[in-house]
Amino acid sequence: MNQHEIFRPVFTHHEDGTLGEVGFARHPHWNYDRSRIKVSRLRMKEWDYYLVNTGQIAVAFTLSDLGYIRMASVSFLDLVKGVDATQTELLPPAKDFFMPQTSSQGAAHFENKNIILDYDLTPQSRKVHCEVKNLAGHGPFKADLCFSDFPKESMNILTPWKDRKHFYLNEKCNCMPVEGKVVFNYKIYRFRKDENCGVLDWGRGYWPYKTHWYWGTASAMVDGELFGFNLGYGFGDLRAASENVLFYRGKIHKLDQIRFYIPQDPMLPWVLTSNDRRFEAVFTPILDRAADIDMKVIRSNQHQYFGSVNGTAVLDDGSHILMRNLPAAFEDIHNQY
């Protein structure tokens, strides 16, 4: 597979609305200018998703503008006890998009009678504040987290579809040190930046009505160093580049093609392999965060599996990273909307 890399600032779209240069980059080089995207606002999709996964617990936060609706979703997962407390709230569409146009600056706010979710973004930090009165019936929830000391590089990709009208602009910023605390059902969970880190999944795009993708992510400390991965496929035309990368000491190490071999019972171990033999591992799920939203015309069938990875990853210089019970999450998602 060709891995076309972008090294300079470019627009996602030309002034006439046609899609710009596609490929991957180690920095967010694409200028996402909504005024150049000549499609209905109702077909656009924008979201910011944060995940911190310690292997014992995981917390996730999503703010998204799907054009026809705004959404906030919050999850607290106790991976030891098998508890999934996930709550999703909806609001009517706003006149203008409420998500920032850039991944490095801006703010977003969602509030209704059940939930408050705020993102405050600056070039130096990413702050997440959340309050839920009764998270999925499990009790009150509050989170104040601050991501900082950003890695030097992130995974950035502009993926087209073959018609060159649909597109997906995405940044995955893994291994961001995080500090703060979460209070769930009156119990306090603290995060320390020398021990814990998380990922930002920043996405903007115009998709076909039906989509299906696989995604795997990890951000953790391995032998005292920040290490993680982003693996994915099934989404768009990947002839220009894949989104498969390793993260190590703040740098990206590019992989080629990845495949997940998922058994008929997806709670059994998966085999993960790359065509260049630089990622060979087994993922063992312990919890399936499942959601099936079926509104006939609109449907989202989501499975996000949490568990651990054991295997070997090879850096660009040939060094081997041994992954031993590395906390990870993998998605298998079908959407039609």
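Side chains included, hydrogens not; waters and symmetry mates left out as well; all remaining heavy atoms used.
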Problem set entry | Verify same cluster id: Val178, Phe247 (apolar side-chain graph, 4.5 Å) | no
Exercise. Can you check whether Lys181's main-chain N or O pairs, donor with acceptor, with Arg190's side chain at less than 3.5 Å?
Worked result: no
Exercise. Honestly curious: do Phe61 and Leu63 fall in one hydrophobic cluster under the side-chain, below-4.5 Å linking rule?
Worked result: yes
Exercise. Is a side-chain donor or acceptor of Arg259 paired with a backbone partner of Ser274 at a separation under 3.5 angstrom?
Worked result: no
Exercise. Taking Asn275 for the side chain and Gln257 for the main chain, is one N or O donor matched with an acceptor at less than 3.5 Å?
Worked result: yes
Exercise. Using 4.0 Å as the upper bound for N to carboxylate O, is an ion pair formed by Asp237 and Arg239?
Worked result: yes
Exercise. Can a donor-acceptor pair be found between the side chains of Asp120 and Thr122 at a distance below 3.5 Å?
Worked result: no
Exercise. Regarding Gln302 and His334, is there a side-chain donor-to-acceptor distance under 3.5 Å anywhere?
Worked result: no
Exercise. Will you find, in the side chains of Thr62 and Ser73, an N or O donor that is under 3.5 Å from an N or O acceptor?
Worked result: no
Exercise. Does Trp207 have its ring centroid less than 6.0 Å away from the ring centroid of Trp47?
Worked result: yes
Exercise. When rounded to the nearest 0.5 angstrom, what distance separates SG in Cys175 from NZ in Lys251?
Worked result: 14.0 Å
Exercise. So, are Asp316 and Lys254 salt-bridged, with charged N and O less than 4.0 Å apart?
Worked result: no
Problem set entry | Within 6.0 angstrom of Lys127 NZ, more than 12 heavy atoms from elsewhere | no
Problem set entry | Hydrophobic cluster identity match, Val10 and Ile37, side-chain contacts under 4.5 Å | yes
Exercise. Just by modelled atom types, is the Phe260 backbone N or O under 3.5 Å from a matching donor or acceptor in the Tyr233 side chain?
Worked result: yes
Exercise. Of the non-hydrogen atoms in Ser103 and Glu171, which two are nearest, and what is the gap between them?
Worked result: OG-OE1, 2.5 Å
Problem set entry | Residues forming a side chain to side chain contact (heavy atoms under 4.5 Å, CB included) with Ala218, sequence neighbours excluded | Phe229, Leu326, Ala328
For this session: Determine yes or no for a side-chain-to-main-chain donor-acceptor pair under 3.5 angstrom, with Lys133 supplying the side chain and Lys113 the backbone.
Result: yes
Exercise. Got a donor-acceptor contact below 3.5 angstrom from the Gln124 side chain to the Ser148 backbone?
Worked result: no
Exercise. What do you reckon, are the aromatic ring centroids of Trp270 and Phe330 less than 6.0 Å apart?
Worked result: yes
Exercise. Nearest 0.5 Å, what's the OG-NZ distance between Ser64 and Lys45?
Worked result: 10.5 Å
Problem set entry | Main-chain N/O of Pro92 paired with Arg70 side-chain donor or acceptor, under 3.5 Å | yes
Problem set entry | Between CG on residue Leu272 and CG on residue Leu231, distance to nearest 0.5 Å | 7.0 Å
For this session: Would you check if the distance from the ring center of Phe235 to the ring center of Trp161 is below 6.0 Å?
Result: yes
Exercise. Okay, side chain of His303, backbone of Asn301: is any donor-acceptor separation there less than 3.5 Å?
Worked result: no
Exercise. How would you list all residue pairs meeting ring pair (Phe, Tyr, Trp, His ring centres under 6.0 Å) that involve residues 91-112, not counting sequence neighbours?
Worked result: none
Exercise. In terms of side-chain geometry, is the basic nitrogen of Asp65 or Arg204 positioned less than 4.0 Å from the acidic oxygen of its partner?
Worked result: no
For this session: For the pair Arg36 (side chain) and His13 (backbone), establish whether a donor and an acceptor sit closer than 3.5 Å, ignoring hydrogens and angles.
Result: yes
Problem set entry | Ile262 CD1 to Asp265 CG distance, which is reported to the nearest 0.5 Å | 11.5 Å
For this session: Kindly indicate whether a cation-pi arrangement holds for Lys165 with Tyr206, taking the cut-offs as under 6.0 Å to the six-membered ring centre and within 45° of the axis.
Result: no
Exercise. In terms of hydrophobic clusters joined by side-chain contacts under 4.5 Å, are Ile252 and Val222 together?
Worked result: no
For this session: Applying side-chain hydrogen bond (donor to acceptor under 3.5 Å, both in side chains) between Thr217 and each of Asn53, Asn230, Asn174, report the one that passes.
Result: Asn174
Problem set entry | Side-chain H-bond candidate by donor/acceptor type, His212 with Asn335, under 3.5 Å | no
Problem set entry | Joint cluster assignment, Ile57 & Leu145, ILVMFWY side-chain distance < 4.5 Å | yes
For this session: Please check if atom NZ in Lys38 has more than 12 non-hydrogen atoms from other residues, nucleotides or ligands closer than 6.0 Å.
Result: yes
Exercise. Is it the case that Tyr189 and Gln56 place a side-chain donor and acceptor less than 3.5 Å from each other?
Worked result: no
Exercise. Does any pair with a residue in residues 124-149 pass ring pair (Phe, Tyr, Trp, His ring centres under 6.0 Å), and if so which ones, sequence neighbours excluded?
Worked result: Tyr50-Phe147
For this session: Answer yes if the side chains of Glu89 and Gln87 hold a donor-acceptor pair under 3.5 Å, and no otherwise.
Result: yes
Exercise. Would Glu46 and Arg34 pass as an ion pair if we require N to O under 4.0 Å?
Worked result: yes
Problem set entry | Single hit among Tyr305, Trp213, Tyr214 for side-chain hydrogen bond (donor to acceptor under 3.5 Å, both in side chains) with Glu331 | Trp213
Exercise. Does a side chain donor of either Asn244 or Asp256 reach within less than 3.5 Å of an acceptor in the other side chain?
Worked result: no
For this session: Check the side chains of Thr312 and Glu280 for a donor-acceptor pair under 3.5 angstrom, ignoring hydrogens and angles.
Result: no
Exercise. Counting N and O atoms only, with roles assigned by atom type, does the side chain of Tyr119 sit under 3.5 Å from a partner on the main chain of Asp48, one being a donor and the other an acceptor?
Worked result: yes
Exercise. How about His29 and Phe7: are their ring centroids closer than 6.0 Å?
Worked result: no
